[in-house]
Amino acid sequence: MKKIILLFLSLLAAAMLIAQPKQEIRAVWLATNPYALDWPKSVVERSQKDQLITILDKLEAANFNTVIFQVQSYGDVLWDSGIQPWCYHLTGTPGKAPAYDMCQYVIDECHKRNMEVHAWVVPYRVGSLTYVTKYDNCDLPHVTKVHPELCIQFGNDWYLDPGLPKVREYLLNLYETLIKKYDFDGLNLDYTRYPSKTFNDAVSYAEYGNGKNKSDWRRENINQFVYELYDMVKSIKPEMKIGSAPIGTYKNISGLRVNAEGYGDYFQDACDWAKKGKQDLLIPQMYWNETYNYSKHMVTWMDNRNDRQLVIGLAPYKIVDESKWDVSVVTDQIEKARKNNPETCGVCFFKIEDVTGNPLKIRNFYNQLKDNYFKYPAHIPVMPYHGITKPNAPVGLSASVNDNNRECTLTWNIPSLDNKGTPIRYYSVYMSENSDIDINDVTKQIGHIVKDNTFTCTLPEVNKDYYLAVTTFDRGYYESDLSDIVKVSAVSGIIETGIKPVKFILAGDWLKVETEQKITSVGVYALSGVLVAYSASYEMNVANLPHGAYIVMVTMENGKVVKHKMIR
């Protein structure tokens with residue numbers, strides 16, 4: 001037993017050197033706000049498209065897999081809503097539509113690169129006193145002119161009043177036009193809060209407060225909007241993810257430095273949204289360093305996420321603004337978030353200009369992502385609370401080898417769907433120098449996302465044997481077991497087919513290991529390395545294990561050890 005634990009710890013240490021989870025959200029906010037603009041920086045269609053392609057190509061090269069695309073700025077939008085006008089900076093003319101479908105173009109280009117794209121909306125903030133006048137002469141004027149009864153002037157800015165039921169109705173109607181028209185992968189809420197404790201909403205409070213504590217009433221107003229939005233979206237597109245980017249400090253922690261907090265200062269109770277099951281994805285904007293207790297506030301979000309995906313919002317813009325952060329501040333924050341995977345399942349950067357831009361420190365940051373932290377591609381994490389599925393493995397795997405150029409072509413039969421009929425999303429291809437292919441080792445994955453049932457690769461060396469196999473990913477990003485394995489070499493061609501992999505079957509409260517080899521032990525370990533279950537047989541009861549991620553270690557009679565990541 002001691003040898004097994006030591007082996008596990010050595011394997012865990014090796015994995016930490018790679019420090020790249022197989023499933024991880026690598027996201028970035030694509031800002032179209034004219035005051036913090038990533039894109040478009042031209043009113044010419046061809047230039048806009050070329051700029052976008054350049055941005056997305058750089059993200060693809062660095063293995064990003066998610067884009068949060070801003071489709072609403074200040075009561076103006078990037079789609080034909082019939083409710084709010086087109087953003088002026090798209091064409092140079094307020095309220096004028098571009099000559100092409102901008103949202104569809106962004107969706108198509110992201111999907112070509114195997115990236116999810118989420119629509120980023122800003123519900124309540126609708127612009128400064130001067131900004132809104134740009135739309136006075138439009139066929140569809142600004143909301144402050146069409147519905148002044150829904151708006152409040154606060155300082156030099158206009159806001160929709162969250163305390164008015166008619167505002168919720170207005171926003172739900174607006175976003176319904178977006179989700180019905182486009183197949184975004186998600187909808188992400190920003191500034192979903194009050195602007196200040198001193199917001200002048202006395203009129204709506206008097207009418208709708210019903211004697212409640214005003215702070216509680218305000219939080220309830222925001223909560224109710226989020227609940228209704230979530231339910232509306234899911235009723236139309238159940239698979240669309242609903243997320244938000246709340247203020248990074250949920251509540252201040254006693255004894256620590258006081259930050260601006262979402263709950264008390266802005267009446268934003270994002271942890272309530274998660275607890276009520278009205279979020280799929282939380283991206284708290286943790287735009288500060290350990291002086292402001294980055295790590296401790298991250299734990300608060302972990303403790304309150306209710307199994308929803310938690311992605312940490314980071315601020316590479318502080319590398320080049322007056323904060324003058326070193327690049328290592330942000331890369332250290334990536335590492336700290338990864339140590340808590342899968343409780344935290346990724347990072348999101350504000351914004352693209354500060355990831356792909358030209359300043360020397362930003363170029364250095366991008367290169368560190370591309371060459372180190374994001375060196376290997378990652379799959380989108382699963383959402384177990386929507387129901388765990390298990391796709392069938394590809395069948396009939398065969399290979400051919402061209403000994404002139406070491407090219408190996410794999411083909412396989414499309415597997416039948418699982419018993420729920422879950423559609424197949426794509427396949428992944430693995431290669432190893434031995435038959436114990438570890439599908440959790442990102443270095444073994446040579447075909448990350450394969451859309452067809454064929455794949456061609458180049459065998460690395462002439463005089464070595466290689467083992468190849470394929471898995472299926474379904475629509476929910478769940479992965480099948482390995483297909484049968486083929487053994488090939490550049491010299492000998494196909495050496496052996498139909499090699500049976502070790503299979504791990506989790507059915508209810510039982511874990512079963514299927515292998516043609518004799519085993520001596522099966523150990524289940526927490527990600528910390530602690531042994532939590534052990535058996536000397538092919539089956540074990542795991543009913544007492546809490547839901548979460550584990551590493552299963554199987555030791556064969558011949559001394560070989562096979563690892564498997566189990567999600568319970």
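Within the cation-pi definition used here (under 6.0 Å to the ring centroid, within 45° of the axis), Lys58 qualifies as a partner of Tyr366. At least one cation-pi condition fails for Arg193 and Tyr124: the charged atom is not both under 6.0 angstrom from the six-membered ring centre and inside a 45 degree cone around its axis.
Residues His297 and Trp288 place their aromatic rings such that the two centres sit under 6.0 Å apart. A distance below 6.0 Å separates the ring centres of His379 and Tyr426. The distance between the ring centers of Phe64 and Phe374 falls below 6.0 angstrom. In this structure, Phe199 has its ring center at least 6.0 angstrom away from the ring center of Phe267.
Checked against ring pair (Phe, Tyr, Trp, His ring centres under 6.0 Å), His89 has no partners two or more places apart in sequence or in another chain.
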Practice prompt. Quick one: do Asn114 and Lys451 satisfy side chain to side chain donor-acceptor pair (under 3.5 Å)? Show the steps, please.
Written response: CA-CA 10 Å; Asn114 299 313; Lys451 296 292 181 70; 3.3 Å; yes

Practice prompt. Would you check, one step at a time, whether the test salt bridge (charged side-chain N to carboxylate O under 4.0 Å, His left out) holds for Lys181 with Asp80?
Written response: CA-CA 9 Å; Lys181 187 175 179 63; Asp80 186 8; 5.8 Å; no

Discussion item. Between Val122 and Gln70, does the side-chain contact (heavy atoms from CB on, under 4.5 Å) criterion hold? Intermediate values first, please.
Written reply: CA-CA 8 Å; Val122 186; Gln70 187 174 16; 4.0 Å; yes

Practice prompt. For Arg125 and Asp190, run salt bridge (charged side-chain N to carboxylate O under 4.0 Å, His left out): C-alpha distance rounded to whole Å, both residues' side-chain angles, the deciding distance at 0.1 Å, then the answer.
Written response: CA-CA 9 Å; Arg125 184 191 68 184; Asp190 192 15; 5.5 Å; no

Practice prompt. Go through the steps for Thr300 and Lys251 under the test side-chain contact (heavy atoms from CB on, under 4.5 Å), then give the verdict.
Written response: CA-CA 8 Å; Thr300 298; Lys251 291 181 181 179; 5.9 Å; no

Fill in: Tyr131 and Asp76: CA distance, side-chain angles, deciding distance, side chain to side chain donor-acceptor pair (under 3.5 Å) verdict
CA-CA 10 Å; Tyr131 186 93; Asp76 45 7; 2.5 Å; yes

Discussion item. Between Thr32 and Trp39, does the side-chain contact (heavy atoms from CB on, under 4.5 Å) criterion hold? Intermediate values first, please.
Written reply: CA-CA 5 Å; Thr32 63; Trp39 178 84; 4.3 Å; yes

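Atoms CD1 and CG, on Ile312 and Leu282 in that order, are 9.5 Å from each other to the nearest 0.5 Å. The CD1 atom of Ile152 lies 5.0 Å from the OG atom of Ser204; values are rounded to the nearest 0.5 Å. Atom CD of residue Glu290 and atom NZ of residue Lys336 lie 3.5 Å apart, to the nearest 0.5 angstrom. Taking CG from Asp161 and CG from Leu150, the interatomic distance works out to 8.5 Å, rounded to the nearest 0.5 Å. Interatomic distance, Leu314 CG to Ile319 CD1, rounded to the nearest 0.5 Å: 10.0 Å. From Ile222, atom CD1 reaches atom CZ of Arg168 across 9.5 Å, with rounding to the nearest 0.5 Å.
Using bins of under 30°, 30° to 60° and over 60° for the plane-to-plane angle, the ring pair Trp301/Tyr250 lands in the tilted bin. Note: Phe365 and Phe349 have perpendicular aromatic rings, judged against thresholds of 30 and 60 degrees for the angle between ring planes.
A donor-acceptor pair shorter than 3.5 Å can be found between the side chains of Tyr175 and Gln72. Tyr263 and Asp272 share no side-chain donor-acceptor pair at under 3.5 Å. Residues Asp474 and Thr422 bring no donor and acceptor atom of their side chains to less than 3.5 Å of each other. Looking only at atom types and distance, the side chain of Tyr105 has no donor-acceptor partner in the side chain of Gln48 under 3.5 Å away. Looking only at atom types and distance, the side chain of Tyr194 has a donor-acceptor partner in the side chain of Asn221 under 3.5 Å away.
Of all the heavy atoms in Phe184 and Met240, the pair that sits closest is O-CE, 3.2 Å. The minimum heavy-atom distance linking Ser244 with Asn188 is given by the pair N-ND2, 3.4 Å.
No more than 12 heavy atoms of other residues, nucleotides or ligands sit less than 6.0 Å from atom CG of Asn156. The environment of NZ in Lys375 is sparse: at most 12 heavy-atom neighbours from other residues, nucleotides or ligands sit within 6.0 Å. Atom NZ of Lys41 sits in a crowded spot, with more than 12 heavy atoms from other residues, nucleotides or ligands closer than 6.0 Å. In Asn213, the CG atom is crowded: over 12 heavy atoms of neighbouring residues, nucleotides or ligands sit closer than 6.0 Å. For NZ of Lys296, the number of neighbouring non-hydrogen atoms (other residues, nucleotides, ligands) closer than 6.0 Å is 12 at most.
Looking only at side-chain heavy atoms (C-beta outward), Ile53 and Arg113 come within less than 4.5 Å of each other. Side-chain contact check for Tyr35 versus Tyr74: some heavy-atom pair is nearer than 4.5 Å. Side chains of Ser81 and Leu178 form no contact here, defined as non-hydrogen atoms less than 4.5 Å apart. Using a 4.5 Å heavy-atom threshold, the side chains of Thr144 and Gln153 count as separate.
When each of Lys22, Lys390, Lys565 is paired with Glu479, the salt bridge (charged side-chain N to carboxylate O under 4.0 Å, His left out) condition holds for Lys22 and for no other. Considering Leu59, Val28, Asp38 in turn, Leu59 is the only one that fulfils the side chain to side chain contact (heavy atoms under 4.5 Å, CB included) rule with Thr356.
A donor-acceptor pair is defined here as one N or O able to donate and one able to accept, closer than 3.5 Å; such a pair exists between the side chain of Gln309 and the backbone of Pro381. At distances below 3.5 Å, not a single donor-acceptor pair connects side-chain atoms of Lys351 with backbone N or O atoms of Ala31. Asn372 places no side-chain N or O within 3.5 Å of a backbone atom of Gln368 that could act as its donor or acceptor partner. Judged purely by atom type and a 3.5 angstrom limit, Tyr294 uses its side chain to pair as donor or acceptor with the backbone of Gln333. At least one donor-acceptor pair closer than 3.5 Å links the side chain of Gln285 to the backbone N or O of Ala245. Trp217 places a side-chain N or O within 3.5 Å of a backbone atom of Tyr208 that can act as its donor or acceptor partner. In this structure a side-chain-to-backbone donor-acceptor pair under 3.5 Å is missing from Asp280 to Gly243. Between the side chain of His147 and the backbone N or O of Leu160 there is no donor-acceptor pair closer than 3.5 Å. Using a distance-only test at 3.5 Å, with no hydrogens or angles considered, a donor-acceptor pair links the side chain of Gln23 to the main chain of Tyr477. With hydrogens and angles ignored, the 3.5 Å screen pairs a side-chain donor or acceptor of Gln268 with a backbone N or O of Ile247.
Ion pair Lys234/Asp231 not flagged as a salt bridge, since none of the NZ, NE, NH1 or NH2 atoms sits closer than 4.0 Å to an Asp/Glu carboxylate oxygen. We find that Lys339 and Glu335 are not joined by a salt bridge, their nearest charged nitrogen and carboxylate oxygen being 4.0 Å or further apart. A salt bridge does not link Lys318 with Asp354: every distance from a Lys NZ or Arg NE/NH1/NH2 to an Asp or Glu carboxylate oxygen is 4.0 Å or more. Of the charged side-chain nitrogens involved, at least one lies within less than 4.0 Å of a carboxylate oxygen, so that Lys237 and Asp183 count as a salt-bridged pair. By the 4.0 Å N-to-carboxylate-O rule, Glu109 lies too far from Lys49 to be salt-bridged with it.
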